[in-house]
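Please read the structure below before turning to the comments.
A quick note: this is a predicted structure, and the numbers were derived from the prediction, not measured.
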Protein chains: 2
Amino acid sequence: MKIAILAYDRMTALDAVGPYEVLCRIPNALVQFVAETPGSIRTDTHGFHSNLAIHAEARLEDLPDPDIVLIPGGSTGTMEVMRSERALNWLRAAHATSQWTTSVCTGAFILGAAGLLQGLQATTHWASRDFLAQVGATYVAERFVRQGKIITAAGVSAGIDMALFIAGQTGGDDLAQALQLAIEYDPQPPYDTGAWERATPALMQRALREIRCAGGMEHMAPT
Amino acid sequence: MKIAILAYDRMTALDAVGPYEVLCRIPNALVQFVAETPGSIRTDTHGFHSNLAIHAEARLEDLPDPDIVLIPGGSTGTMEVMRSERALNWLRAAHATSQWTTSVCTGAFILGAAGLLQGLQATTHWASRDFLAQVGATYVAERFVRQGKIITAAGVSAGIDMALFIAGQTGGDDLAQALQLAIEYDPQPPYDTGAWERATPALMQRALREIRCAGGMEHMAPT
């Protein structure tokens with residue numbers, strides 16, 4: 001089972017690494033980070049206050065036919081990928097033969113730019129929810145949304161939940177339950193403020209401010 | 001506020017990237033991945049079936065006095081760090097002036113090798129819990145355990161919960177709540193199998209097998 005995770009400049013690291021930590025433990029899975037230009041890929045917070053970069057060894061074209069495609073979100077870098085015909089063509093071709101085509105956070109807009117979300121329900125980071133209509137999708141406030149073989153996950157941390165679902169679909173509940181235990185995923189967030197539907201306007205404003213300060217994804221205007 | 005995350009060969013990526021995604025959004029935080037040898041740092045699953053590597057730009061000595069130190073876990077690489085006098089000396093010196101000295105997963109054994117857990121309660125990945133006594137600590141089955149300024153978190157995903165706690169202690173509940181919303185951390189795991197205390201022996205055996213297959217952390221024998 002070949003799994004391709006798209007890496008690109010100013011991606012959000014946890015969007016990719018959360019699912020990676022689950023998917024790489026599926027027996028016989030080969031998970032590759034693929035990029036238009038392999039090498040050190042800066043994350044969205046790189047250069048602001050922090051220095052995280054992910055190393056991608058493979059080119060897009062090295063993995064033309066992945067069984068699972070995962071597109072993470074990011075900040076302005078996401079919009080650049082949305083304009084890259086090379087990346088979109090790779091994604092469309094990969095989707096033609098994939099078992100699962102998935103996104104996390106604003107990665108949904110890259111699926112959308114490739115024309116894959118037209119007429120579908122989908123989800124994305126809450127701060128970008130109003131823009132999904134621009135790629136022909138209807139926003140749904142769920143942790144992840146499955147439409148056929150396309151799955152879109154909500155913001156950043158939601159990719160972990162989605163990856164466990166995929167592991168269950170791929171290898172059975174027993175496998176997915178074991179992987180959940182392997183990463184000791186028994187979340188106990190210190191607050192109940194992870195869902196925008198339950199957040200106050202003031203909290204949402206503050207969250208947007210911290211996202212912008214860190215150079216992370218914000219309101220996406222995909223056109 | 002200077003935050004140092006130790007990067008080392010065969011570390012577990014999510015141990016570091018989960019907390020990173022929270023901590024890098026604390027206003028005025030500077031988060032640096034530091035390594036004995038900067039460059040592309042392979043994760044514990046690299047070379048087995050996958051190719052994730054993290055790029056660390058800074059040397060340990062570039063950040064001698066971080067306010068927060070975070071030590072991720074890993075597989076056999078963790079044991080090598082436990083034998084590195086250079087890394088342990090850096091950690092001891094950093095701890096002398098830190099506000100918080102923290103670990104995720106088997107990173108606790110590196111704190112232990114530096115002598116920092118002697119006589120304390122601590123936690124680690126469940127699969128390595130029996131070995132904490134060898135570094136003088138008493139295992140506690142909690143998501144994270146605070147003892148003064150030392151915080152140890154449980155396996156892999158637990159670092160996210162710990163990082164939100166630290167954000168709250170550092171910048172107040174309002175900030176931490178906003179950061180939880182920023183990463184849309186409203187976890188909805190598809191199963192209730194993330195805690196070993198509720199797992200069957202068969203599930204624990206399978207989880208251990210998948211961990212080993214992926215080259216990840218397993219039973220640590222720190223001596």
Practice item. Just do the side-chain contact (heavy atoms from CB on, under 4.5 Å) check on A/Thr43 and B/Tyr20 with the steps written out, would you? Key: CA-CA 11 Å; A/Thr43 66; B/Tyr20 170 86; 4.1 Å; yes
Looking only at B/Arg206, B/Arg198, B/Met204, the option with the highest number of non-hydrogen pairs under 4.5 Å against chain A is B/Arg206
Assert top hit (heavy-atom pairs under 4.5 Å, partner chain A, pool B/Ile5, B/Val17, B/Asp174) equals B/Val17
Worksheet item: B/His125 side chain to A/Glu184 main-chain N or O, any donor-acceptor pair under 3.5 Å?
Response: no
Practice task
Taking A/Glu21 for its side chain and B/Leu14 for its backbone only, find out whether a donor-acceptor pair lies under 3.5 Å.
Solution key: yes
CD (B/Gln32) and CG (A/Leu52) are apart, to the nearest 0.5 Å, by 11.0 Å
Looking only at A/Phe144, A/Tyr191, A/Phe33, the option with the highest number of non-hydrogen pairs under 4.5 Å against chain B is A/Tyr191
One option among A/Leu179, A/Ile54, A/Ile160 has the most heavy-atom pairs under 4.5 Å with chain B, and it is A/Ile54
Rounding to 0.5 Å, atoms CG (B/Leu208) and CG (A/Leu181) come to a distance of 8.0 Å
Given A/Gln205, A/Met162, A/Gln188, the one with more heavy-atom pairs under 4.5 angstrom with chain B than any other is A/Gln188
Turns out that what part of A/Ala199 lies under 4.5 Å from chain B's heavy atoms comes down to side chain
For B/Ala182 and A/Ile211 the tightest heavy-atom approach is CB-CG1, 3.5 Å
Next on the checklist: Between B/Pro189 and A/Pro187, is there a side-chain heavy-atom distance shorter than 4.5 Å?
Outcome noted: yes
Looking only at B/Leu164, B/Ile3, B/Thr193, most heavy-atom pairs under 4.5 Å shared with chain A are made by B/Thr193
| message | Test your reading of the model: is there a side-chain donor-acceptor pair from A/Ser40 to the backbone of B/His55, 3.5 Å cut-off? | response | no
dist B/Glu57:CD -> A/Arg42:CZ (nearest 0.5 Å) comes out at 10.0 Å
Counting heavy-atom pairs under 4.5 angstrom with chain B, the leader among A/Gly39, A/Ala158, A/Ala176, A/Ala154 is A/Ala176
For B/Ser157 and A/Asp186, the nearest pair of non-hydrogen atoms, with its separation, is OG-N, 4.4 Å
